[in-house]
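Only one structure is covered here, and it is reproduced in the block below.
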Amino acid sequence: MTKQSQSERSRAFDALMRSSLSAFTQKTFLTVSPGDTYLHNWHIDLLAEYLEACSRREINRLIINMPPRMMKSISVSVAWPAWLIGNNPSERVMAASFAESLAIKHSTDCRLVLQSHWYRRAFPDVLLTGDQNEKSKFVTTARGHRIAVSVGGSSIGEGGNILIVDDPLSPLRAASKLSLQMVNDWFDQSFLTRLNDKKNGVIVLVMQRL
């Protein structure tokens, strides 16, 4: 393969990463789950189509109900925020999960994607600040960010243009009316208020149908 053809392939790949969330999600999977086999399915394309519509603010509220192990978290909480920030380094995302450890895992996986060689080549304008590059929060030089919080946890002073709720409660707690009420109260009284733009902001909920 000539250097010119390699360069053309690289430019085509970078353009695909910027334009197709489905293709970006596949590359994200291979980055955060090395050694695992990616098995493409139509639902990945469908998820990407809906999330791209959310990115364009054509959809402001979206609920995704899927069984476990269907790449819902990688698609919604890892790949999508990275893709959003890549195309708009000033985008601000806040993502919540029922457990702090899970919220941080999604955040560190997303940061791993941003720091990968292929991502930096496709999105050269995305630079992380040195003083706010943490497991639960990283900030770009354009003042965009991804913040991870736990359900019921404090998010005072923080906010986002896009809010993600990924598994707000565990299956074991779903049978508890008290747990359900606590999650609903947290969403209505705390998390919902973190939306920067009440008219055009986006909220995406992804979880098992509990």
Side-chain angles (χ1 to χ4, degrees), residues 25 28-29 31-34 36 47 51 54 61-85 91-116 119 128-140 143-196 201-210:
T25 300
T28 295
F29 176 89
T31 301
V32 302
S33 298
D36 291 335
L47 276 176
L51 293 173
C54 290
R61 301 292 185 270
L62 179 64
I63 295 176
I64 301 168
N65 290 135
M66 293 172 57
R69 315 306 297 173
M70 295 290 288
M71 281 186 54
K72 63 182 186 296
S73 291
I74 288 180
S75 296
V76 179
S77 296
V78 180
W80 186 40
W83 189 77
L84 284 167
I85 292 172
E91 188 65 274
R92 298 180 177 182
V93 181
M94 177 178 282
S97 296
F98 72 87
E100 182 180 11
S101 59
L102 183 61
I104 290 178
K105 180 186 185 305
H106 295 158
S107 179
T108 55
D109 282 350
C110 185
R111 187 177 62 172
L112 178 65
V113 173
L114 265 68
Q115 294 174 332
S116 67
Y119 183 94
L128 298 182
T129 60
D131 59 337
Q132 288 186 297
N133 184 0
E134 305 167 359
K135 289 183 178 180
S136 60
K137 178 182 178 180
F138 50 82
V139 180
T140 70
R143 310 314 297 168
H145 66 228
R146 187 198 187 282
I147 299 174
V149 298
S150 60
V151 171
S154 174
S155 55
I156 296 175
E158 303 286 8
N161 304 322
I162 293 178
L163 304 183
I164 299 170
V165 186
D166 187 339
D167 284 332
L169 75 167
S170 68
L172 293 177
R173 298 180 60 186
S176 167
K177 291 184 178 180
L178 178 60
S179 295
L180 290 172
Q181 189 60 52
M182 289 176 60
V183 171
N184 287 334
D185 289 345
W186 164 82
F187 180 84
D188 292 336
Q189 300 171 18
S190 179
F191 196 65
L192 189 60
T193 66
R194 299 296 95 198
L195 196 63
N196 291 336
V202 174
I203 301 176
V204 175
L205 168 65
V206 55
M207 64 182 294
Q208 301 180 50
R209 189 183 294 276
L210 299 177

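Owing to the predicted nature of the structure, the values given are computational and were not obtained by experimental measurement. Side chains included, hydrogens not; waters and symmetry mates left out as well; all remaining heavy atoms used.
With values rounded to the nearest 0.5 angstrom, L163 atom CG is found 7.0 Å from M94 atom CE. Of the inter-residue distances, the one linking W83 atom CH2 with L114 atom CG reads 14.0 Å to the nearest 0.5 angstrom. Considering CG of L47 and CE of M70, their distance stands at 8.5 Å, rounded to 0.5 Å. The CZ atom of R209 sits 12.0 Å away from atom CE of M66, with the distance rounded to the nearest 0.5 Å. Distance CG/L112 to OG1/T28: 9.5 Å, rounded to 0.5 Å. E134 CD to R111 CZ: the interatomic distance, rounded to the nearest 0.5 Å, is 8.5 Å.
For the salt bridge (charged side-chain N to carboxylate O under 4.0 Å, His left out) criterion with E158, the lone passing option out of K137, R92, R146, R194 is K137. When each of I64, I63, V165 is paired with V204, the side chain to side chain contact (heavy atoms under 4.5 Å, CB included) condition holds for I64 and for no other.
Across D188 and L192, no two heavy atoms sit closer than the pair O-CB, 3.9 Å. Annotation for A82 and V113: closest pair CB-CG1, 4.0 Å, computed over non-hydrogen atoms. Listed here is the closest heavy atom pair of N65 and Q208: ND2-O, 3.9 Å. Among all heavy-atom pairs drawn from I85 and E91, the shortest one is CG1-O, 4.2 Å.
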Practice problem: Test side chain to side chain contact (heavy atoms under 4.5 Å, CB included) on C110 and V93 and set out the steps. | Solution: CA-CA 12 Å; C110 185; V93 181; over 6 Å; no
Exercise. Test C54 against I162 for side chain to side chain contact (heavy atoms under 4.5 Å, CB included), laying out the working first.
Key: CA-CA 9 Å; C54 290; I162 293 178; over 6 Å; no
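For the pair I164 and W80, the minimum side-chain heavy-atom distance is below 4.5 Å. In this structure the side chain of L51 never reaches within 4.5 angstrom of the side chain of L84, judged on heavy atoms. When side chains are defined from C-beta on, V139 counts as touching R143, because their heavy atoms get closer than 4.5 Å. For the pair T31/Y119, no side-chain contact is recorded, criterion being any heavy-atom separation below 4.5 Å from C-beta on. Within the 4.5 Å cutoff, the side chain of M207 has heavy atoms near those of the L169 side chain.
T140 meets the side chain to side chain donor-acceptor pair (under 3.5 Å) test with no other residue; sequence neighbours excluded.
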Side-chain polar contacts of residues 95-107 - donor-acceptor pairs under 3.5 angstrom, sequence neighbours left out - could you list them?
| from | atom 1 | to | atom 2 | distance (Å) |
| --- | --- | --- | --- | --- |
| S97 | OG | D166 | O | 3.1 |
| K105 | NZ | D109 | OD2 | 2.8 |
| S107 | OG | K135 | O | 2.5 |

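In this structure a side-chain-to-backbone donor-acceptor pair under 3.5 Å is missing from S77 to I74.
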